[in-house]
Amino acid sequence: MAIDLHSVRTPEQQLSPRTTLAGKRIVVTGVTGFLGKVWLSHTLTTIPDVGHIFVLARPGSEGAEERWRKIAERSPAMRPVRERHGAGLGAFLADKVTAVASDCGEPLCGLDGEDIAGLGRIDMVIHFAGLTDFVPDPVDALKTNVNGAIYVADLADALGAPMLHTSTCFVAGDGSRAVAEKIVSNVGPNGVEFDVDTEIATLTAICENVEDRKERIEAVTDQAKALGWPNIYTFTKALAEAALAKRELPTSVLRPAIVECAQSFPFRGWNEGINTTGPLVWLLKGWFRHFPAARDHRYDVIPVDDVVRATTLVTTALLEGVAEECYQIGTSGSNPISFGRGVELNNLAIRRAMRSGDAKKSERFFFRFWDTKTVGFDQEHFMSVPKLRKRAKWLQRTLEGVPVKSILPRRLKGLTPQIEGAVDNMGFLLAHTDKSLNRLQKMLELYRPFIHDNDWLFVNDHIRGLDLALVEEERGIFGWRGDTIDWRDYWLTSLYPGLNTWCIPLLEGGDVPQDPPLAQPLDLTPKASRQTKAVS
Amino acid sequence: MSDSTDLRSAAFFRVEGTLVARPRVPAAAYFSISGQAVAPRALRLGGWALAAGLSLGGPLKDRPLATRATWMGLRDMSADRLACLGEEYYEDHVLPKLKTSGLDLVREAKRQGHVIVLLSDLISDIVAPLKDHVGADHLLCNHVEMKNDRATGRLQDPVIGGHLSAQWLRKWARDAGLDLEASCGYGAAGADALLLSAVGSPCAVDPDLKLRRVARDLDWPIVQA
């Protein structure tokens with residue numbers, strides 16, 4: 001579908017996030033996550049005049065304040081704030097940010113009337129918190145993705161503030177098509193009508209009555225598929241959107257596509273945790289050569305800092321009363337990249353990393369010529385996972401049946417124990433290989449709707465409209481860059497190196513580096529308390 | 001077209017042999033074996049070997065067709081791959097092979113106020129950064145024809161090679177405001193004789209046997225590094 005720029009609806013007034021957000025008091029959830037953390041860091045760096053930000057966080061075992069202090073001190077996402085304020089960091093953060101112990105899965109996020117009154121005037125609520133696993137335990141998905149959104153909306157209602165809710169483009173569900181920026185609250189992607197309250201009640205009943213986790217997952221997956229959603233993640237996110245659409249509260253829904261490594265903020269390549277592309281890149285980095293994906297389908301990737309810019313733009317529009325109900329933050333509509341190109345860029349990125357990295361000469365030579373290519377999911381070929389499994393099993397069975405002792409010539413009889421040991425080891429290795437291939441097959445099945453079955457074009461007119469209304473002097477900070485991403489440059493210099501540093505070590509069972517601790521522990525005591533301390 | 005009174009003098013440098021020593025791995029072969037799929041790699045390499053054989057001593061010698069045939073193996077290669085392989089080849093096989101004597105000649109030509117023109121039969125994906133590296137004003141090299149971000153296997157016209165026609169060069173120089181009579185040229189191979197004979201002050205740099213013979217016959221200076 002061609003997108004006509006002239007159809008973009010642009011607010012008549014100009015937008016200046018710095019002016020609008022100055023002095024504003026904002027409640028935000030999900031700051032311990034990837035997106036929330038980068039938004040907070042970006043806001044504190046680019047809008048230092050923001051009034052105050054209340055970070056709602058689960059206390060965990062250390063308390064919400066301690067969790068926030070650790071993020072502020074050690075998270076690479078906070079580097080720009082730390083660099084900007086140096087020794088004055090503690091005082092700045094104490095003045096601008098307060099961590100509030102809460103739980104989005106509880107009514108009113110677990111805050112009582114006193115807590116809510118203590119927040120004072122609140123101008124905006126931004127809800128980032130969410131569960132992004134494709135197949136989570138439905139109990140967790142219900143609590144975080146569905147009830148979490150509803151309870152945060154209740155809190156926004158109680159505070160009299162508009163709400164920005166973060167969802168995902170993939171609430172579109174199954175079916176290749178152009179997806180409009182519109183919340184559909186009563187029809188599933190397959191055209192079957194539904195009532196959101198009934199669906200939430202069914203989901204809740206399954207969570208309450210089915211004790212076995214695996215059975216719960218199966219039941220809710222069936223419920224999702226009956227309406228056209230491929231998995232629990234997209235289903236629960238869609239239910240949350242539908243539930244919010246029924247309310248009177250001024251709300252905008254932000255739907256990012258696949259959020260990946262930063263283009264520039266907090267620095268090039270930054271990523272956190274295991275996101276969508278990480279496992280795929282990890283697969284392509286190894287011996288895996290035939291990648292089951294639709295070569296020409298769009299792969300909608302958006303750098304995290306572009307989602308953050310969009311979040312601030314939409315927040316501004318909400319505060320100015322000119323926001324749309326939904327914003328899709330993706331690139332498939334205006335600057336698409338296909339899976340085929342993504343896979344090839346990945347090959348080229350690996351090749352480049354092998355040249356400049358610490359790889360052995362043999363590895364460099366091997367991977368230079370070991371390019372992956374896309375194949376159909378059900379295409380039979382020599383290296384397809386089912387075939388590899390079949391061969392591993394056959395070899396295992398064959399080895400098990402080998403009567404080593406009886407087939408060895410008399411001269412080699414003395415070596416029987418060693419050869420039997422080697423055969424046993426081989427059998428163990430093959431069993432392990434079969435298990436790994438099984439896991440791989442399951443993982444690819446989970447990804448299948450996103451990399452093979454569906455080709456979505458997520459229309460992104462609304463954010464482009466806001467971008468056109470942005471004052472020129474703030475375009476460099478908050479402007480929409482999705483249409484001009486140079487994918488080759490992004491893949492080679494941001495995405496692959498970023499995933500290689502911040503994500504793939506986690507997939508390999510390792511760890512990723514935190515920033516070194518500050519010379520002095522961060523003192524986040526509010527200014528008033530500091531003065532009292534000094535006097536006493 | 002420029003007025004003849006405005007014409008400037010230039011120094012034409014053939015990149016291969018003059019500025020950069022011949023690499024061990026020919027560029028087209030390097031690209032051919034670095035394709036994405038395995039089977040086409042063999043075909044491309046075979047095609048390149050055939051073209052190389054024909055151009056060395058066969059009927060295609062020094063003809064545009066030989067240059068075209070050499071690069072035909074790029075067919076269906078993506079723009080991403082061409083750019084990445086070009087960057088690799090430049091870093092591994094061009095930069096380390098830069099000749100000090102050639103760079104000295106460029107510096108001297110600049111000092112004398114000449115416009116610096118580089119000529120190369122390599123493709124732009126490889127050789128484009130060399131222009132900035134040596135501070136040249138113009139780079140005449142080959143460009144791969146692309147369709148939907150994939151190489152068609154053809155080179156865009158004009159094909160730059162040893163066979164570069166003096167007529168084309170004269171037209172190009174006129175359009176660029178350069179006076180060939182007042183210009184100097186540096187070449188290293190027999191095929192560069194056409195280029196050198198078009199300029200007022202030709203010079204052979206580390207010439208091969210054929211160019212050495214021509215240079216002696218025509219009394220051109222020879223620079224031996």
Side-chain angles (χ1 to χ4, degrees), chain A residues 281 284-285 287-293 295-296 298-299 301 335-357 359 361 364-376 379 381-383 485-497, chain B residues 23-49 73-97 123-129 132 143-144 146-153:
Chain A
V281 167
L284 302 185
K285 205 183 157 196
W287 55 267
F288 197 71
R289 210 186 117 69
H290 293 88
F291 183 62
R295 183 189 160 105
D296 297 326
R298 296 166 184 86
Y299 187 33
V301 170
N335 181 20
I337 176 168
S338 66
F339 277 103
R341 187 173 179 205
V343 166
E344 182 166 23
L345 283 173
N346 219 63
N347 292 333
L348 295 169
I350 292 168
R351 192 179 163 106
R352 179 187 266 208
M354 286 285 167
R355 289 178 71 232
S356 54
K361 211 172 176 182
R364 276 185 213 178
F365 182 79
F366 178 73
F367 284 107
R368 171 174 289 192
F369 299 108
W370 195 248
D371 286 30
T372 312
K373 62 176 187 176
T374 50
V375 293
Q379 190 180 325
H381 56 84
F382 184 69
M383 295 286 276
I485 296 172
D486 175 342
W487 290 116
R488 186 191 308 147
D489 180 63
Y490 175 68
W491 225 272
L492 298 181
T493 63
S494 299
L495 185 69
Y496 183 79
Chain B
R24 270 184 306 169
V25 186
Y30 185 86
F31 275 60
S32 295
I33 56 166
S34 302
Q36 189 177 17
V38 175
R41 280 181 202 160
L43 279 174
R44 284 180 177 139
L45 196 59
W48 167 81
L74 303 192
R75 188 184 158 85
D76 204 36
M77 216 173 249
S78 68
D80 293 326
R81 189 164 289 266
L82 285 177
C84 291
L85 295 180
E87 191 185 307
E88 258 180 41
Y89 191 84
Y90 177 74
E91 284 172 7
D92 293 350
H93 299 283
V94 175
L95 269 187
K97 296 272 185 178
I123 55 174
S124 56
D125 299 275
I126 297 173
V127 81
D132 288 337
H143 297 271
V144 178
M146 304 296 289
K147 193 175 178 187
N148 298 328
D149 272 342
R150 300 199 91 81
T152 61

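Proteins come first, then strands; the chains are lettered A, B, ... in the order of their sequence lines, and each starts at number 1.
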Rounded distance [0.5 Å steps], CG in B:Leu82 versus CG in A:Leu348: 10.0 Å

Proximity breakdown for B:Ile33 and chain A, heavy-atom pairs closer than 4.5 Å: both

Check ion pair B:Arg81-A:Asp371 (N to O, under 4.0 angstrom): yes

Other residues, nucleotides, ligands: >12 heavy atoms within 6.0 Å of B:Arg75 CZ: no

Least distance between heavy atoms, B:Ser78 atom then A:Glu344 atom: OG-OE1, 3.0 Å

Sidechain N-carboxylate O distance under 4.0 Å for B:Asp149, A:Arg341: no

Gap separating the SG atom of B:Cys84 from the CG atom of A:Asn347, nearest 0.5 angstrom: 10.5 Å

Nearest-0.5 Å distance, CZ of residue A:Arg351 to CD of residue B:Glu88: 4.0 Å

